[in-house]
Every structure is written in C-alpha cells, then in structure tokens.
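Report on one structure; see the data block that follows.
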Amino acid sequence: MTFNVCMRDCYDTCALITEIRNGKMIVKANPQNRVTQNFLCPKGALLPNWVFSEKRIKMPLIRTGQKPSLEFKTSSWDEAISLIAKKMKDTMVKYDAKSILLYYYYGDRGFVNAHFPHRLFNYLNASIIEDTICDRAGEEALKDIYGSAQGMDPEELENEKLLIYWGINAAWTNMHGFYLAKRLGLEIWTVDVTKTQTAKKSHRFFMIKPETDVLFALGIAKIIVERKMYNSEFLKQHTIGFKEYKEYLNSLDLEYISKVTGIDMGDMDDFAKNYAQKKGVIHIGYGLQRTLNGGEAVRAISILPALVGKMRGFIYSNHLLPRDYVRGKKLRKKEGYKITHIELADYIEDGKIKFIFIYGTNPFATLPNQNKLRDAVLNNDVFIALHDLFLTDTALFSDVFLPANTFFERRDITDSYYHRYLAFNDKAISVAGKSNSEVARMLARALGMKEKVFYEGDDEIIEKVLRKMGISYKELQKKGVIKIPSSSYEPETKSGKIELKSSRAIKRGLCEFPKYKPVEGNGLKLISATYLFTISSQYHNTYGYEDPAIYINPEDAIVRGIKNGDMVRVFNSCGSVKTIARISNDIQKGVVLMYKAFWPMKLGWNVNYLTPTQMNEKYGKGNAVHSAWVEVEKI
C-alpha cells in the first residue's frame, strides 16, 4: 500500500491509497482527508487506465517530418537531451537568453515536479510564462479588498447554513466539495449563466445574463444597505470605506440592474434578505472571472460577506506551499520577457521567442485562437521541446518529445487550492518516462552546469521547505496527509482592514468601487465550459469520453432554422467549425455552450478555434476567454 494524491489541476486534490495486486493497480480514496474521503470522481476511478495506457510514449523522439505531424524517430535520452541543450546554447548565442521560454502549467501539480525546472531557466535568465490564464483576475480583485485571495477552509462549512455557488459548476468540477455541502445539509444556491448540473441540484437557481455579475452583486449590496440588514459593528471594526460605498450604492438604480441582469426585482430582494439573514458563504468560480468584467465582478461579490459580518465568507483559491525556493527565484540576474499564455503567438510572430520548453500543458488544444497560434509556429523559426506522457496536439508542432512519468511513479507532495490538506505522494509503480525534476537535472548537466543547486534531490527540497513551515516530512510520510489549519483570516491589506474602498485598486487605475461596463458582441455569447470527464485536455485520449455538440436555446434555434441534431457551422473572426446542434432550455436566449479543450487531432477542431486572445488588462492580464461571440448557421 502506498500513499498517493491526484495531482491534476482540480480543486479537490484527492488523497489516495494505491495497492498493486497481481500486477493490477487498485486506487481508492484515503479516509484521512475529510473532504475527499468518501469516493473517487469518474476521472479518478479510471486512473489505472490512464497510467497503463498503451498510448504512453516510452522513449524520446526526434522529429523527422514537417510540422504538423507525428513523424519522429526514436532516440536515446542522451541524444534527445543533447539536442535540446545544443538548441538552447545556440539560441543564447544567436539571440538572447530571454528568447528561450519555459512554458508550463499544472497538468501535474506535484510540488517539486511542477516547479523545480524553473531553477534552470531562472539561472539562465530565460523567459518564463506568466501564470495568468486560470484565476488571475479574481485573485487581483480579492487582493484589492482583502490583501490576498485566501478564502475560508471548506470544512468550516459545517458551521454554516447556506452555500452559494457563483459561476462554478461544482457538481462536476468540485465534486467532493459539492457533496460535502450536501452531507452537511446546507441550503445550496447557484448563480450562473446556464442551468448546470449544480444548478439542477440546488435549492435555488438564479440565471444571470453573461458578464452582469458585478451589477447583480451591487444590487444585492444596495438592498442589504438600504434595508439596514448589514452588520454595523463588524463594518466599523474591520472595514474602511463603508460610508463612501454606501453613497456609491445610492447612485445605482435597482430597476436598471434587474433589467440588465435578467433577475426579477422580487428574486433579487429575496436573495439579499435571505443571504443577510443566513450569512451565506459564496464559492466564487473561476469561470465568471474569465471575462472582461470578471475582475470587477469578483471585487463586487467579495464585498458581500463583509456586509453581513463575515471575515472571509468566500471560497476562491487557497495555497499552502511557498514556491520561491523550489523555483530558485534568487538565481535570476536579469528579467526575461513578461509573457502570458494568451500572448504566446504574438511573441512568436514578433520573433522574440525562438526556443520553447513545454511541460504540464497542451497549449495546442487549450489556448484560445488556435488558428493564430498554429500559424505563428508554422510561419516562424521556433524550436519546441515537449515533455509529456502522450503524443498530444502539441507534439504535432514539437521538434523533440521527452516521455514523462505519472505521479504514481515518483515521490512528491502537493497542496490544494480548495481544502487545507497537505498530501504525500510515494512511488507505487514504474512504467515509463522521467519526472520534470529529472529532466531539468539532465539538461543542466548537458549545459555544463556545475552548481549544486541544480542537483538538489527532491526529498531534500521537500524536507527543507516543510521544515521552514514547521512541518515534519517524516510525519507527513507516515500519515499520508496533514491538515494545515488557517492561521488567521485577518485582512492582509496595507490598512489591515477589509477595504471596501480599495486603495490598491485606485493605485492600479481602477475606480474606487466595482463598476459595471457593458460588453457587447455580434451573434451569440459563447461559453466554453469544463466537461465532466476531462480536466482541460487531459483524459480525452485515454478515457474517450467527449461531447463536441453546441448547445443552443430553442428560440435562437428557431430563428436560425435549426432543429435538434442538425449539423451546423459555428463561426466568428477567429475561425469556423462544424458540429451537431443540441437544443436545450438549460441555455438562456442569446447564449451557446460548448465544452472546452478536446483534442483537435481527434475531432479535427475544438472550441478554441473560436475563442479570442483577449485579456483583462487591469486585472493582471487575466484570461477573458468567455468574452466571446459566435454565429451559428444550419449546414
């Protein structure tokens, strides 16, 4: 029996117990994690299929054919690593170290595995992709109000009456959190733009028009303040700016808010009254903040808990483990390019990036505006090295492929951005490939690096980081999981208060209070949501589940002469795809839904052929992929 933890980029981060019986892997939930103890999600239950998939690559590959293709020859590790090192050296000599880009993400959230390669690229003064694509806008918004994005411990929901899912389909994407709320007998509300599975299983559902969340939150705040349902003593002691915020709310018109949001005045009034009475917790989703209004929406929503007297009455994104040491940030002497994921194609087109090392992500499926990205790589001289388990769409554009191992094949630790359990992950089996830290060390040797910092062992790094946190690595190995209690929910702003009137926001060039800005487009608003059986593009190739249809409201379908099951063309300025139409009352008028990040090499396309490369500039260049519109026509 070994302790493991699912390292996927998922809220739940389930603690696991793994057994190998007669050559077969059996995986079950570890009961020591009280949030994830009861069951495995559908993806987790199929993990052995993923680990032992015949599609895994076992030896390095070097390109022999033109891109995009899977024309490779098998090579040795030495040959592949030497070629990558040579290309890196050539790039630094011919161009500059910052023309080398480390492009990563959290397809595997192992602490050492995800972060150790940064050491080498920091030392080289190379460029490292800016981590903005997921939750950055909301994070910046919460820092404006609270000083950090830390929310409450979900286990504290046992002391609550009401949980509001705002812009998150938790029944699919935070399954253990959702059923924790069910077990605790909480009243559950959902605010969303489509009738998700979460909405269907909630006690109340508020279908809001896209990108109007900021207005809805302000409307609720206005009612709470006008009816004097706020906690005056809490606001006096723990916040600043309430007087000015109250004056701002006075300037807002509830009838206008109702009309724009699509929420009936009576429903808005009832929401405010019951929320104030029950002092509900709001789980703020990532989806709603991936819009041009997303940062302002999170700022507006996050003020509501303070009005009813809760210090951190929201859940958003919690992190436990510090990253600077494992990443070797102090090794850097010069800055590289500040490139977000969304800007990758622009930097390639401008000739600024000539070499890319990729791990933990499949950008040729997950990035928006796929046509632009693919054209940029094909029309410019850029060398790509990929470290992955499978020949993904990114492999079609790579020059060298290095096989990776899974988290069952190495030792590591990880935290969760939902609950507060730290988990140990031991090696349970060996199948193929190497970890990111192993590859980084091999590259350092091939580049002639002598410094000990590049060869520090995984266990040594983990022990050192945990020791500084006051945690025994031996104890963690023995128990499998350790809970790290919240030290404090006190605000981390400069004032030490919850800043309803945010000095940080003002300094960043924003209005002193959240403000709604109409966002308009042509056609139907496109929502590209997470699918039940995938995490971004992961598992599509191994599990085989997919739903490429476009879901459309009956009224929008009638206007376009579309019947259920018709083949349609979906298009905008980014591209065009052909798929099947599904007519559904779960989709509101003016909106269409498609599930994201299926492999284009399997479908011939995915929704990211339609999504734009636009950012929420004043909110950390957060991803605004949901501010997208398409037109749909019957073929």
Side-chain angles (χ1 to χ4, degrees), residues 3-7 9 13 15 30 32-33 35 102 104 106 108-123 128 130-131 135 139 142-143 146-155 312 316-333 360 407 410-427 435-438 440-441 444 449 451-494 496:
F3 290 126
N4 290 106
V5 55
C6 185
M7 301 284 192
D9 189 11
T13 315
N30 185 339
Q32 297 304 310
N33 184 324
V35 175
L102 175 62
Y104 75 98
Y106 300 114
D108 186 307
R109 292 187 61 254
F111 178 61
V112 177
N113 195 62
H115 302 295
F116 182 80
H118 287 230
R119 285 192 181 186
L120 176 60
F121 290 85
N122 272 322
Y123 180 84
I128 298 178
E130 294 282 301
D131 184 0
D135 61 346
E139 185 177 279
L142 291 168
K143 286 179 180 177
Y146 292 89
S148 76
Q150 179 193 350
M152 70 176 288
D153 178 350
E155 285 191 83
R312 298 257 183 174
Y316 185 68
S317 185
N318 298 325
H319 291 283
L320 303 175
L321 292 168
R323 303 170 178 178
D324 286 0
Y325 177 75
V326 65
R327 287 182 169 185
K329 282 202 167 185
K330 292 183 178 179
L331 299 173
R332 180 174 290 276
K333 304 302 179 185
F407 51 81
R410 58 181 144 78
R411 180 174 286 193
D412 211 333
I413 62 172
T414 195
D415 58 4
S416 166
Y417 50 86
Y418 175 62
H419 56 69
R420 297 193 63 84
Y421 286 94
L422 185 64
F424 172 61
N425 183 83
D426 209 351
K427 183 175 180 178
S435 69
N436 290 331
S437 60
E438 288 178 289
R441 293 182 189 105
M449 303 297 180
E451 292 79 358
K452 291 182 180 179
V453 69
F454 300 119
Y455 308 105
E456 188 176 15
D458 293 0
D459 277 334
E460 187 179 352
I461 293 168
I462 293 168
E463 188 168 13
K464 191 174 292 184
V465 170
L466 292 182
R467 192 187 312 126
K468 288 185 176 180
M469 295 175 67
I471 299 168
S472 167
Y473 186 26
K474 287 185 179 180
E475 183 183 359
L476 178 60
Q477 289 174 295
K478 183 180 179 180
K479 293 183 175 180
V481 296
I482 292 177
K483 183 167 183 181
I484 312 299
S486 301
S487 57
S488 172
Y489 285 157
E490 290 297 318
E492 299 170 53
T493 56
K494 283 188 176 182

Fill in the blank from the handout: Correct closest heavy-atom pair for A440 and P117 would be CB-CA, 3.9 Å
Handout entry: side chain to side chain donor-acceptor pair (under 3.5 Å) partners for D415, two or more places apart
Key = R109
Handout entry: Qualifying residues under salt bridge (Lys or Arg N to Asp or Glu O under 4.0 Å), relative to E438, sequence neighbours excluded
Key = none
Problem - Worked check of side chain to side chain contact (heavy atoms under 4.5 Å, CB included) between I413 and Y473 - result: CA-CA 10 Å; I413 62 172; Y473 186 26; 4.2 Å; yes
Practice task
Kindly indicate whether the side chain of L422, heavy atoms from C-beta on, has any atom under 4.5 Å from the side chain of L466.
Solution key: yes
Handout entry: pair H419-V481: side-chain heavy atoms closer than 4.5 Å
Key = no
Practice task
Not counting sequence neighbours, which residues clear side chain to side chain donor-acceptor pair (under 3.5 Å) with Y106? List them please.
Solution key: D131, R323, R327
Fill in the blank from the handout: What one should report as the nearest heavy-atom pair of P322 and M469 is CD-SD, 3.7 Å
Exercise for the section: Might you point out which heavy atoms bring R332 and F121 nearest each other, and give the distance in Å? Expected result: NH2-O, 3.6 Å
Practice task
Supply the atom-to-atom distance F111 CZ to N425 CG, rounded to the nearest 0.5 angstrom.
Solution key: 14.0 Å
Handout entry: Residue that, paired with Y325, satisfies side-chain hydrogen bond (donor to acceptor under 3.5 Å, both in side chains) out of K330, H115, E456, K468
Key = E456
Fill in the blank from the handout: Across all chains, not counting sequence neighbours, the side chain to side chain contact (heavy atoms under 4.5 Å, CB included) partners of E451 are Y123, M449, V453, F454
Fill in the blank from the handout: Rounding to 0.5 Å, atoms OG (S486) and CG (L320) come to a distance of 8.5 Å
Practice task
State, with a plain yes or no, whether a side-chain heavy atom of N122 is found less than 4.5 Å away from one of I128.
Solution key: yes
Handout entry: Heavy-atom closest pair, residues R420 and I484
Key = NE-O, 2.7 Å
Practice task
For E492 and S148, work out which heavy atoms get closest and say how close.
Solution key: OE2-OG, 3.0 Å
Completion exercise
So the salt bridge (charged side-chain N to carboxylate O under 4.0 Å, His left out) pairs with at least one residue in residues 475-491 (sequence neighbours excluded) are D153-K483, E155-K483, E475-K479
Fill in the blank from the handout: Note: E139 and A149 closest approach over all heavy atoms is CG-CB, 3.9 Å
Practice task
Using a 4.5 Å cut-off on heavy atoms from C-beta on, say whether the side chain of D412 contacts that of F407.
Solution key: no
Handout entry: side chain to side chain contact (heavy atoms under 4.5 Å, CB included) between F116 and R441, intermediate numbers included
Key = CA-CA 9 Å; F116 182 80; R441 293 182 189 105; 3.9 Å; yes
Problem - Pair R411-E463, salt bridge (charged side-chain N to carboxylate O under 4.0 Å, His left out): steps then yes or no - result: CA-CA 12 Å; R411 180 174 286 193; E463 188 168 13; over 6 Å; no
Practice task
Please tell me if the side chains of I462 and L476 come closer than 4.5 Å, counting only heavy atoms from C-beta onward.
Solution key: no
Practice task
Give, for atom CG of N113 and atom CG of D458, the distance between the pair rounded to the nearest 0.5 Å.
Solution key: 8.0 Å
Fill in the blank from the handout: Rounded to the nearest 0.5 Å, the OG1 atom of T493 sits from the OH atom of Y146 at a distance of 10.5 Å
Problem - Trace of the side chain to side chain contact (heavy atoms under 4.5 Å, CB included) decision for T13 with Y418 - result: CA-CA 8 Å; T13 315; Y418 175 62; over 6 Å; no
Practice task
To the nearest 0.5 angstrom, please state how far the CZ atom of F424 sits from the CG atom of N4.
Solution key: 8.5 Å
Practice task
Output all residues satisfying salt bridge (Lys or Arg N to Asp or Glu O under 4.0 Å) with D108, sequence neighbours left out; order by chain, then residue number.
Solution key: R410
Exercise for the section: Using the side chain to side chain contact (heavy atoms under 4.5 Å, CB included) rule, take V112 and N436 through it: C-alpha gap first, then chi angles, then the decisive distance, then the call. Expected result: CA-CA 8 Å; V112 177; N436 290 331; over 6 Å; no
